[in-house]
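Have a look at the structure below, then the notes.
Just so it is clear, the values below take in all heavy atoms, side chains as well, and ignore hydrogens, waters and symmetry mates.
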Amino acid sequence: MRRTTETAPPAKRSAPAAAARRDLATAPSRRGAPRPRGGWTPWLYLAPALAVLGALLVYPVYQLGLISFLEYTQAQVSGGAPTRFRGLANYTDLFADDQFGQVLLATVGFAAACVLGTLAVGCALAVLLTRVRALPRLALLLAALGAWATPTITGSTVWLFLFDPDFGPVNRLLGLGDFSWTYGRYSAFLLVLLEVVWCSFPFVMITVYAGIRAVPGEVLEAAALDGASQWRIWRSVLAPMLRPILGIVTVQSVIWDFKVFTQIYVMTGGGGIAGQNLVLNVYAYQKAFASSQYSLGSAIGVVMLLLLLAVTLGYLRLLRRQGEEL
């Protein structure tokens, strides 16, 4: 009896697998894939702005760094002495100065307090704008824009008058008599902090208010129906959704408040009694122009630039780790 061997017919491939293979076979290779249109067109549109930024930013920063490595005083400016390369000697002298360390700590603490105060006032008023009617909202917006548009030197002079020990109305309302706000170190810093927050909170308020208006109303209604308070809604709903916007206003506030100059210079008379209210910007001005040590003033400017870059990049990196895109 003959034994016959039969081979089983091949199993039919599933439809999804066959379709995937067919699509893979007909898909264009990576080299032959069509490139996105545009090419250099966006860069051509950006070229004028980049040229202006290069002229106004890159070249001054280059000159600032160059002078910080030279011996550049009034003698070199007037041509009475040749310019000499000092390397890192200016930075060594700067970090060896005890006053620089004190001014640096005062600047960091003052800037941090200004940033926190600005964010707190701006965010609180932004939430308030969503709770009031149209007419009070318009009045608050106009008042905030007026504070924002006021020149810094004008605002500083007005605040000095308001807190003047002889003619200012604040001391009369608080019953402080002839108390001088600019005499003590911490009271002078507090006075300048109030003025900085007053002229800075409108940017935060308007930016955060625009972000809140973009949040779907159903989300806020659901949180309110669940019994969440206004503070809980802000902390658990609005703040996480507004994190990219809060990151932008925080970085902007850090940059602005870290390099405060006019308010300190005008309201404390150039840094306060015996330099007790000096910040880095005013300290650099004194070194560069009052003492004609332009190389030391440039070194202070480079240190400020590096600190701001470190803080900004560190904050942006933290936001990226949390999954936010800026």
Side-chain angles (χ1 to χ4, degrees), residues 109-152 154-156 158-163 168-174 181 189-258 260 263 267 315 318-319 322 324 326:
F110 176 73
C114 289
V115 171
L116 293 177
T118 302
L119 292 178
V121 174
C123 292
L125 292 179
V127 175
L128 179 63
L129 285 176
T130 63
R131 301 296 175 184
V132 297
R133 295 183 180 273
L135 188 59
R137 184 188 307 123
L138 179 61
L140 181 56
L141 286 173
L142 291 177
L145 289 176
W148 197 13
T150 302
T152 306
T154 303
S156 302
V158 170
W159 275 76
L160 274 180
F161 170 75
L162 292 176
F163 288 84
V170 175
N171 280 11
R172 296 180 184 180
L173 292 176
L174 298 180
W181 289 81
F189 270 130
L190 177 61
L191 180 60
V192 179
L193 183 146
L194 293 175
E195 201 278 334
V196 171
V197 171
W198 174 76
C199 67
S200 301
F201 83 87
F203 171 74
V204 178
M205 182 190 72
I206 295 174
T207 306
V208 175
Y209 173 69
I212 294 176
R213 297 289 294 181
V215 175
E218 295 81 3
V219 177
L220 303 179
E221 292 178 2
L225 291 176
D226 289 340
S229 62
Q230 295 298 324
W231 167 248
R232 185 62 183 273
I233 291 176
W234 166 261
R235 184 172 62 89
S236 301
V237 179
L238 288 177
M241 299 182 71
L242 298 176
R243 190 171 296 164
I245 295 178
L246 294 176
I248 293 173
V249 297
T250 300
V251 171
Q252 288 279 60
S253 299
V254 168
I255 294 174
W256 288 341
D257 297 338
F258 192 80
V260 165
Q263 292 92 333
M267 301 179 71
Y315 189 78
L318 178 62
L319 290 180
Q322 295 176 352
E324 301 294 340
L326 296 178

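- Atom CD1 of Ile212 is separated from atom CZ of Arg131 by 8.5 Å, given to the nearest 0.5 angstrom.
- In terms of heavy atoms, Ala144 sits closest to Pro202 at O-CG, 3.1 Å.
- Here Trp148 and Phe201 keep their ring centres 6.0 angstrom or further from each other.
- Side-chain contact between Glu195 and Cys114 is absent, with no heavy-atom pair separated by less than 4.5 Å.
- In this structure, Ala223 and Ile233 approach most closely via the heavy-atom pair CB-CG1, 4.0 Å.
- Residue-environment remark: CZ (Arg235) exceeds the threshold of 12 foreign heavy atoms within 6.0 Å.
- Atom-to-atom distance recorded for Trp181:CH2 and Leu194:CG is 7.5 Å, nearest 0.5 angstrom.
- Residues Arg133 and Pro136 approach most closely at O-CD, 3.4 Å, considering heavy atoms.
- Between Gln263 and Leu193 the shortest side-chain heavy-atom distance does not fall below 4.5 Å.
- The closest side-chain heavy-atom distance from Ile206 to Leu145 is below 4.5 Å.
- Proximity of Val132 to Leu140: side-chain heavy atoms (C-beta onward) are nowhere separated by under 4.5 Å.
- For residues 109-129, the pairs satisfying ring-ring contact (aromatic ring centres under 6.0 Å, His included) are Phe110-Phe189, with sequence neighbours left out.
- The main-chain N or O of Thr150 is never found under 3.5 Å from a side-chain atom of Thr154 such that the two would form a donor-acceptor pair.
- Between Val215 and Leu238, some side-chain heavy-atom pair lies under the 4.5 Å cut-off.
- When side chains are defined from C-beta on, Trp234 counts as touching Leu242, because their heavy atoms get closer than 4.5 Å.
- For the pair Cys123 and Leu246, the tightest heavy-atom approach, listed with the atom from each and the gap, is SG-CD2, 3.9 Å.
- Taking CD from Gln252 and CG from Asp257, the interatomic distance works out to 10.5 Å, rounded to the nearest 0.5 Å.
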Task: Step-by-step side-chain contact (heavy atoms from CB on, under 4.5 Å) determination, Leu128 to Met205 - done: CA-CA 10 Å; Leu128 179 63; Met205 182 190 72; over 6 Å; no
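- Side chains of Trp159 and Val170 form no contact here, defined as non-hydrogen atoms less than 4.5 Å apart.
- Expressed to the nearest 0.5 Å, how far OG of Ser253 lies from CD1 of Ile248 amounts to 11.5 Å.
- Atom OG1 of Thr130 and atom CZ of Arg137 lie 8.0 Å apart (nearest 0.5 Å).
- When all heavy atoms are compared, the tightest approach of Leu160 to Met267 is CD2-O, 3.6 Å.
- Annotation for Trp198 and Gly155: closest pair CZ3-CA, 4.2 Å, computed over non-hydrogen atoms.
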